[in-house]
Amino acid sequence: MPGAVAVGSGAGAVAAVGRGAPAAGAVGVLDALAGPAPVRARLDAIEQQVRDAFAGVPGSSRCGADDCSGAEAETGSGIRTAPARHAVSDPVLTALADTVARYRIAPEHFWAFLHAMRMDVPGGPEFRDRYADMAQLREYMHGSAAVIGLQLLPVLGTVVPIAEAEPAAAALGEAFQLTNFLRDVAEDLDRGRIYLPADELAAFGVDEELLAYCRRTRRTEARVRRALAHLIATNRALYRSADAGIGLLQPRVRPAIRTAAVLYADILTEIERSGYAVFDRRARVPRRRRLLVAAAQACSELRRA
């Protein structure tokens, strides 16, 4: 991390983080498309929080080998104190705290995020690497994904009271995360984790042993294909429930959100087209398709204006 930054110059820290933060994942898509530089810089501050947590849990520069308690305390302190007239050594936390204060983002969203981070840390009391049912998985997705959408809402802006747009924002975050889990089944197995509900897999005759067999052979057995098809249908229902909420956002950011939603949902289509070959390859949306969707959504919003 760069050296000390005056917290009183929170906007300066936001700008610095924005210049140094490459876009990544769904938040990165929004960052790349979501309008004016000040908005993109605020998205960068939230994105950096996500990247710092998940790029190194455990073992990042801010997490120890076995826990992230120090990173949690640092993040929590930064959010609680918000911008004040003294110096801190971490411009990311300065930018995040400034964004939280300026847009009145509810602190409980960050506590839920930190809870999900603890669920990913081996050896901790909250650690999970298996999920018995969708209720357990949704607890994790709430903190790891749904609250990211809730954090972004005040920054992106709405045409209705924020509370009216929150259910759709949370649903879209969960939809993105479940798509990640379906795409990354093999990668997660290699890390000793299964982010799919065991009871819904079992309904199709799928257990951990069968998943491991598919990974070893790099072939998707018929029962696993049926289970994945079921979970893809569940995932698409989340995208549908989120869709109406996009119209509640400020017009300038709608193309970015629609683009992110369409492209992430397209990953599900790519999984299907591959014959559910998630144990052999990572589903990717072709670059040409990504460009066409972004252009189409931008033009569509211009026609609505």
Side-chain angles (χ1 to χ4, degrees), residues 24-30 47 50 53-54 57 109 112-113 115-117 119-120 128-152 166-191 193-204 206 208 211 214-215 220 223-246 257-274 276-279 281-285:
V27 180
V29 173
L30 307 186
E47 179 195 349
V50 177
F54 286 101
V57 177
H109 299 331
F113 174 76
H115 169 57
M117 187 168 72
M119 292 171 73
D120 265 335
R128 286 182 188 162
D129 56 10
R130 303 290 188 276
Y131 292 84
D133 52 35
M134 187 61 79
Q136 280 193 0
L137 188 62
R138 291 193 75 172
E139 177 190 351
Y140 176 77
M141 291 195 298
H142 174 74
S144 66
V147 296
I148 305 303
L150 299 177
Q151 291 170 22
L152 290 172
E166 285 183 336
L172 188 56
E174 288 191 10
F176 287 153
Q177 186 69 296
L178 186 54
T179 299
N180 286 338
F181 294 154
L182 289 164
R183 179 194 61 194
D184 298 337
V185 174
E187 179 181 327
D188 291 332
L189 280 169
D190 291 345
R191 297 168 58 234
R193 304 179 186 214
I194 300 174
Y195 290 100
L196 297 174
D199 64 338
E200 296 191 28
L201 294 175
F204 295 89
V206 177
E208 187 172 336
L211 292 176
C214 291
R215 180 53 175 156
T220 307
R223 286 169 290 175
V224 178
R225 285 198 298 271
R226 290 193 289 270
L228 292 174
H230 161 74
L231 290 168
I232 284 174
T234 299
N235 201 165
R236 286 200 170 112
L238 279 171
Y239 282 112
R240 287 194 297 271
S241 67
D243 184 66
I246 296 175
I257 308 301
R258 290 188 194 280
T259 296
V262 169
L263 292 179
Y264 251 72
D266 274 0
I267 293 172
L268 303 177
T269 302
E270 294 300 320
I271 292 173
E272 292 169 328
R273 285 176 177 165
S274 75
Y276 303 94
V278 293
F279 301 96
R281 72 199 73 162
R282 200 173 200 248
R284 299 181 187 277
V285 179

Residues which pass side-chain contact (heavy atoms from CB on, under 4.5 Å) with [X], listed by chain and number, not counting sequence neighbours:
X	answer
D243	I246, R258
A145	Q177
A112	H142, V147

To check you understand the geometry: which heavy-atom pair defines the closest contact between [X] and [Y], and what is its length?
X	Y	result
P197	L137	CD-CD2, 3.9 Å
Q136	R130	OE1-O, 4.1 Å
A171	S241	CB-OG, 3.5 Å
G245	A168	CA-CB, 3.5 Å
A227	L201	CB-CD2, 3.9 Å

Can you measure from [atom1] ([X]) to [atom2] ([Y]) and round to the nearest 0.5 angstrom?
X	Y	atom1	atom2	result
E187	L189	CD	CG	10.5 Å
R191	D120	CZ	CG	6.5 Å
Y264	L178	OH	CG	12.0 Å
F204	L231	CZ	CG	7.5 Å
N235	H230	CG	NE2	11.0 Å
L211	T220	CG	OG1	10.0 Å

Side-chain contact, heavy-atom cut-off 4.5 Å: [X] with [Y]?
X	Y	answer
D129	D188	no
R282	I267	no
L268	Y239	yes
R183	E270	no

All side chain to side chain donor-acceptor pair (under 3.5 Å) counterparts of R284, not counting sequence neighbours:
none

Side chain to side chain donor-acceptor pair (under 3.5 Å) with E272: which residues, sequence neighbours excluded?
R236

In terms of the angle between their ring planes, are Y140 and Y131 parallel, tilted or perpendicular, with boundaries placed at 30° and 60°?
tilted

Salt bridge (Lys or Arg N to Asp or Glu O under 4.0 Å) pairs touching residues 172-181, sequence neighbours excluded, are R138-E174

Whether R215 side chain and F279 backbone form a donor-acceptor pair below 3.5 Å:
yes

